Amino acid sequence: MNRRTALVSVAALTAGLTLAGCSSSDGKPELKVTGAFMPQPVSDMAAGFLVVKNSGGASDRLTSVTSSLSDDITIHETKNQTMRMVTSFDVPAGGELDLQRGGNHIMFMKLKQRPEQGDKVSVELHFEKADPIKVTLPVKETTYNPKKP
Ligand code: CU
């Protein structure tokens with residue numbers, strides 16, 4: 001346990017004391033995935049987008065993504081229109097991790113097949129603390145970009 005983790009744990013514990021009796025999820029991330037999709041790929045690369053909401057009392061981190069579609073899946077952030085691989089994304093307590101077009105995303109390289117609009121792609125999200133979550137990404141048209149509510 002490094003110093004940063006220790007500090008976070010103390011904060012989570014304090015929050016737990018204040019909220020004692022209110023919730024059984026104190027001190028643990030409670031994750032839910034919404035809005036997942038994959039734009040139909042136009043090459044042997046694809047991107048995935050989704051939102052991970054954390055209603056729990058502790059932060060978590062998305063650390064990796066796996067899928068039978070590709071053995072080469074990484075997570076990328078986009079800054080100044082340049083994308084860069086990162087080792088994890090923060091999923092803050094009471095907040096969300098938002099992967100959306102033009103921003104952070106899941107990157108699938110060397111696709112084993114090229115999914116088409118209407119297909120579904122199964123992926124598994126892996127987190128630092130929470131159990132892995134299986135997510136189905138519906139494949140949308142290449143330019144699909146939902147408006148945030
Ligand atoms: Cu990328």
Side-chain angles (χ1 to χ4, degrees), residues 1-13 15 23 25-149:
M1 178 181 277
N2 61 33
R3 183 175 157 75
R4 185 156 179 272
T5 315
L7 287 173
V8 169
S9 300
V10 169
L13 198 66
S23 163
S25 64
D26 292 346
K28 275 195 302 184
E30 296 281 342
L31 306 181
K32 191 166 173 258
V33 177
T34 57
F37 70 96
M38 172 183 284
Q40 181 175 307
V42 294
S43 67
D44 71 341
M45 293 190 288
F49 303 97
L50 49 81
V51 175
V52 184
K53 283 193 192 325
N54 183 359
S55 57
S59 66
D60 206 342
R61 301 191 75 82
L62 174 66
T63 52
S64 67
V65 179
T66 52
S67 169
S68 59
L69 181 64
S70 166
D71 293 327
D72 184 352
I73 304 176
T74 49
I75 48 179
H76 286 182
E77 67 174 15
T78 305
K79 277 191 178 153
N80 303 321
Q81 301 191 339
T82 306
M83 64 184 187
R84 187 171 72 91
M85 192 181 132
V86 295
T87 52
S88 67
F89 279 128
D90 190 29
V91 190
E96 63 184 38
L97 165 66
D98 197 1
L99 305 183
Q100 61 174 312
R101 297 206 73 142
N104 302 335
H105 56 277
I106 303 164
M107 193 88 199
F108 303 76
M109 310 285 276
K110 299 178 197 138
L111 300 181
K112 294 177 186 173
Q113 65 265 333
R114 203 182 292 185
E116 301 195 340
Q117 189 175 344
D119 290 349
K120 293 188 187 315
V121 174
S122 297
V123 304
E124 195 167 78
L125 309 180
H126 301 266
F127 298 93
E128 193 175 77
K129 297 174 195 158
D131 290 336
I133 299 178
K134 285 193 167 70
V135 183
T136 301
L137 309 183
V139 179
K140 304 288 194 180
E141 68 267 22
T142 303
T143 55
Y144 184 72
N145 191 7
K147 282 261 188 285
K148 297 258 301 169

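One-based numbering, in listed order, for ligands and for the atoms of each. All values reported here derive from a predicted model rather than from experimental measurement.
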> Any N/O/S atom of Met45 sitting less than 2.8 Å from the Cu ion (ligand 1), backbone or side chain?
Replying inline: no
> Pick one: which of Met38, Met83, Glu77 meets side-chain contact (heavy atoms from CB on, under 4.5 Å) with His105?
Replying inline: Met83
> Charged N to carboxylate O under 4.0 angstrom, Asp60 versus Lys129?
Replying inline: no
> By atom name, which N, O or S atom belonging to His76 lies closest to the Cu ion (ligand 1)?
Replying inline: ND1
> Given SD of Met107 on one side and SD of Met83 on the other, what angle do they make at the Cu ion (ligand 1), to 10°?
Replying inline: 120°
>> Any salt bridge linking Asp44 with Lys110? Criterion: basic side-chain nitrogen under 4.0 Å from a carboxylate oxygen.
In response: no
> With distance as the sole criterion, is a donor-acceptor pair present between the side chains of Thr74 and His76 under 3.5 Å?
Replying inline: yes
